[in-house]
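Working notes for the structure below.
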Amino acid sequence: MTQITFISAAGEEILIDAEDGDTVMDTAINHDVPGILAECGGACACATCHVYVDEAFWDKVGEPGEMEESMLEFNEHRQKNSRLSCQIKISPALEGLRVTSPESQY
Ligand code: FES
């Protein structure tokens with residue numbers, strides 16, 4: 001288990017014990033976290049699982065892959081710490097991870 005905090009665009013926090021090996025998106029969907037829609041079910045094809053990764057975890061989470069980058073490229077809400085949560089796999093290295101959903105996903 002790895003603890004992850006989901007933060008809404010309004011600043012409300014939800015702390016979850018996430019299963020290692022799941023993605024951040026899986027965790028959000030399994031726990032009914034608002035603000036992560038995941039319309040494509042994790043196929044890296046919709047970008048409705050977009051999150052902003054807390055700067056303290058940016059190095060651990062890493063850069064988007066090529067396919068993810070192409071989905072983020074034209075997203076008007078993109079910031080430098082943007083990732084698609086279906087492409088972030090949970091592991092103990094991410095203990096304490098904090099991600100915020102963009103306002104556009106509510
Ligand atoms: Fe569709 Fe992540 S769930 S891109």
Side-chain angles (χ1 to χ4, degrees):
M1 293 286 198
T2 297
Q3 287 202 322
I4 296 184
T5 300
F6 291 89
I7 306 165
S8 75
E12 290 155 355
E13 299 193 4
I14 301 175
L15 177 66
I16 291 176
D17 285 323
E19 291 282 345
D20 295 321
D22 278 358
T23 65
V24 172
M25 178 279 278
D26 292 327
T27 304
I29 296 300
N30 291 340
H31 292 84
D32 296 323
V33 174
I36 295 186
L37 306 174
E39 287 168 357
C40 78
C44 199
C46 72
T48 61
C49 66
H50 180 196
V51 292
Y52 304 122
V53 174
D54 187 292
E55 304 267 339
F57 289 88
W58 185 237
D59 285 347
K60 287 181 184 163
V61 169
E63 301 283 338
E66 199 175 314
M67 201 169 151
E68 181 181 349
E69 178 61 38
S70 68
M71 289 304 299
L72 285 168
E73 198 173 4
F74 300 107
N75 189 311
E76 62 182 310
H77 304 289
R78 184 178 193 176
Q79 297 179 4
K80 65 178 168 47
N81 57 341
S82 286
R83 288 291 313 265
L84 296 181
S85 60
C86 68
Q87 303 301 305
I88 304 173
K89 205 159 244 186
I90 295 164
S91 71
L94 297 183
E95 175 67 30
L97 176 68
R98 294 169 64 83
V99 296
T100 303
S101 301
E103 196 164 0
S104 58
Q105 283 168 204
Y106 289 84

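Start at 1 and go down the list; that is how both ligands and their atoms are numbered.
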For the residue pair His77 and Tyr52, establish whether any side-chain heavy-atom pair is separated by less than 4.5 Å. yes

Is Ile14 close to Pro34 at the side-chain level, that is, under 4.5 Å between some pair of heavy atoms? yes

Taking atom CD as the centre, does Glu103 end up with more than 12 heavy-atom neighbours from other residues, nucleotides or ligands that are less than 6.0 angstrom away? no

According to ring-ring contact (aromatic ring centres under 6.0 Å, His included), who are the partners of Phe57, at least two apart in sequence or on a separate chain? none

What does the list of residues with a heavy atom under 4.0 Å from ligand 1 look like, ordered by chain and number? Ala38, Cys40, Gly42, Cys44, Ala45, Cys46, Ala47, Cys49, Cys86

Checking the side chain of Asp26 only, and the main-chain atoms of Thr23 only, is there a donor and an acceptor separated by less than 3.5 Å? yes

Audit row: Ile36, Met25, side-chain contact (heavy atoms from CB on, under 4.5 Å) steps and yes/no: CA-CA 7 Å; Ile36 295 186; Met25 178 279 278; 4.2 Å; yes

